[in-house]
Student: 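First the structure, which I've put down as structure tokens, then a few questions once you've had a look.
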Protein chains: 2
Amino acid sequence: MARTKEFNEDQALDKAIEIFWHKGYNGTSAQDLVTHLGLSRSSLYDTFGDKQKLFAQSLQRYQKNAQNQIIDLLEQSDNIKETLKEIFKQAVIESLEDRITKGCFMVNSSVELAMHDEEIAKIVKNNSQIMEDVFTKAVQKGQDAGHISKVNSATVLARFIFNTYSGIRVLARTGEKDKQVYDDIIKAMFSIL
Amino acid sequence: MARTKEFNEDQALDKAIEIFWHKGYNGTSAQDLVTHLGLSRSSLYDTFGDKQKLFAQSLQRYQKNAQNQIIDLLEQSDNIKETLKEIFKQAVIESLEDRITKGCFMVNSSVELAMHDEEIAKIVKNNSQIMEDVFTKAVQKGQDAGHISKVNSATVLARFIFNTYSGIRVLARTGEKDKQVYDDIIKAMFSIL
DNA sequence: CTAATTCAGGAACGATTGTTCCGTATTTTT
DNA sequence: AAAAATACGGAACAATCGTTCCTGAATTAG
């Protein structure tokens, strides 16, 4: 009946994530997308609708990936505190390596768009909710195992951890390359876990 | 020799701060500026140069104000821990009251522009440096007075406090209106001071 | 092979972007 | 009062914005 797509839709989405992440929504033009995704304007619009829809799909895909990564690590962990240390260590490595300083796509998007675009706001809130739940369960597990202090409740610590994570991602976006700054923040954070 | 300006330059800058803060740099058009500042295109360009320069001046002015406010509070304080609590309490109030959820102009700008505009990057880094210094001195004072724990160094705590502050401002920008979330984060933070 | 389908490429759309320029009005100094 | 200087408003600029549409090539099913 018809010819098959010459490009992989998910691969195109990954390219879209890259450029939106780097330049933001308003900073990325249709031409940028055409050039970076390597497909024609018509294919782009036929496949993804419009710029806003493409952005939303990109952010969704990013969220699922990032989320699953953390969920897997925490669920398979038998020492939550150590796993959290690994997660933050990884965030620092990414921040320092990041030659084009992208920060976190979710944080960037919420700052730029959450208040102007309801669909993006929903994605962001959904992400926050899921992350809070995941961290809460993980902290609870850590507290039960005696690896994490019970001075503060699991919910309090979960929200606190997620907030520190956001802050670090903003710091990365500003281009901070001094590892000591990240390490200090993380050291302080872990002193209450 | 010449007629005098019919508008107050600082008042115009305050208007510019408002709209840039709300809509971001790329999200604010020249027409938005003309409408919101209430002066003509020519006056705007004659006075402030161009959009980028106007933005930079707005951010500079915002920084000076926000900075002085915190410096004054901390320098006059005789109980740093309590003063810090006041500062964070105020940030929460602003976040909850904020009907158009603007977050922090400095945080928003660093996320959107720091990596694409060297001048903005400089302003952001300068701000971070000053804030770190101010917080470090304040924490030191608090530690000397016995109000703040000496388990972590003043620099570590200063960076940590500033990072938590950034995170909270991002949270505000996402439109979070649940006071409990802010209070939990702050509670956790203060448990190590 | 033919017909049906959908691809890719690029021209072209009107709208909006940031910016410039010009004529007029207004004010201040000489 | 005259002249110099500058603010003002708005028209107009080229460039770019996101998007649509048209053309022809490519692929698959019957």
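Naming convention: chains lettered A, B, ... in sequence-line order (proteins, then strands); numbering from 1 in each chain. Below, all heavy atoms of this structure are taken into account, side chains as well, without hydrogens, waters or symmetry copies.
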Student: Tell me the interatomic distance from K53(B), atom NZ, to dG18(C), atom P, rounded to whole angstroms.
Tutor: 16 Å
Student: Is it the case that more than 12 heavy atoms not belonging to K89(A) sit under 6.0 Å from its NZ atom?
Tutor: no
Student: Looking at dA7(D), dG18(D), dT19(C), which one has an atom nearest to any side-chain atom of S43(B)?
Tutor: dA7(D)
Student: Among the candidates dG18(D), dG9(C), dT19(C), find the nucleotide nearest to the side-chain atoms of K51(B).
Tutor: dT19(C)
Student: Round to a whole Å and report the spacing from CG of L54(A) to C1' of dT19(D).
Tutor: 14 Å
Student: Within the 4.0 Å heavy-atom criterion, would you say D46(B) contacts the bases, only the backbone, or no part of the nucleic acid?
Tutor: nothing
Student: For L33(A) and dG18(D), what is the distance between atoms CG and P respectively, to the nearest whole Å?
Tutor: 8 Å
Student: Rounding to a whole Å, what distance do you find between D32(B):CG and dC17(D):P?
Tutor: 18 Å
Student: Given atom CG of D50(B) and atom P of dG18(C), what is their separation to the nearest angstrom?
Tutor: 11 Å
Student: When you compare the side chains of D72(A) and Q76(A), does any donor N or O come within less than 3.5 Å of an acceptor on the partner?
Tutor: no
Student: If only side-chain N and O atoms count, and only distance matters, is there a donor-acceptor pair under 3.5 Å linking S40(B) with S42(B)?
Tutor: yes
Student: Within the structure shown, what part of the strands sits under 4.0 Å from S42(B) by heavy-atom distance: base, sugar-phosphate, or nothing?
Tutor: base
Student: Distance check needed: dT17(C) P versus K23(B) NZ, whole Å only.
Tutor: 9 Å
Student: At less than 3.5 Å, do the side-chain atoms of R41(B) and the base atoms of dT19(C) form a donor-acceptor pair?
Tutor: yes
Student: How long is the line joining CZ of F55(A) and C1' of dG18(D), in whole Å?
Tutor: 16 Å
Student: Could you tell me how far apart D117(B) (CG) and dG18(C) (P) are, to the nearest whole angstrom?
Tutor: 15 Å
Student: Taking all atoms of both residues into account, what is the closest heavy-atom pair of W21(B) and C104(B), and its distance?
Tutor: NE1-C, 3.6 Å
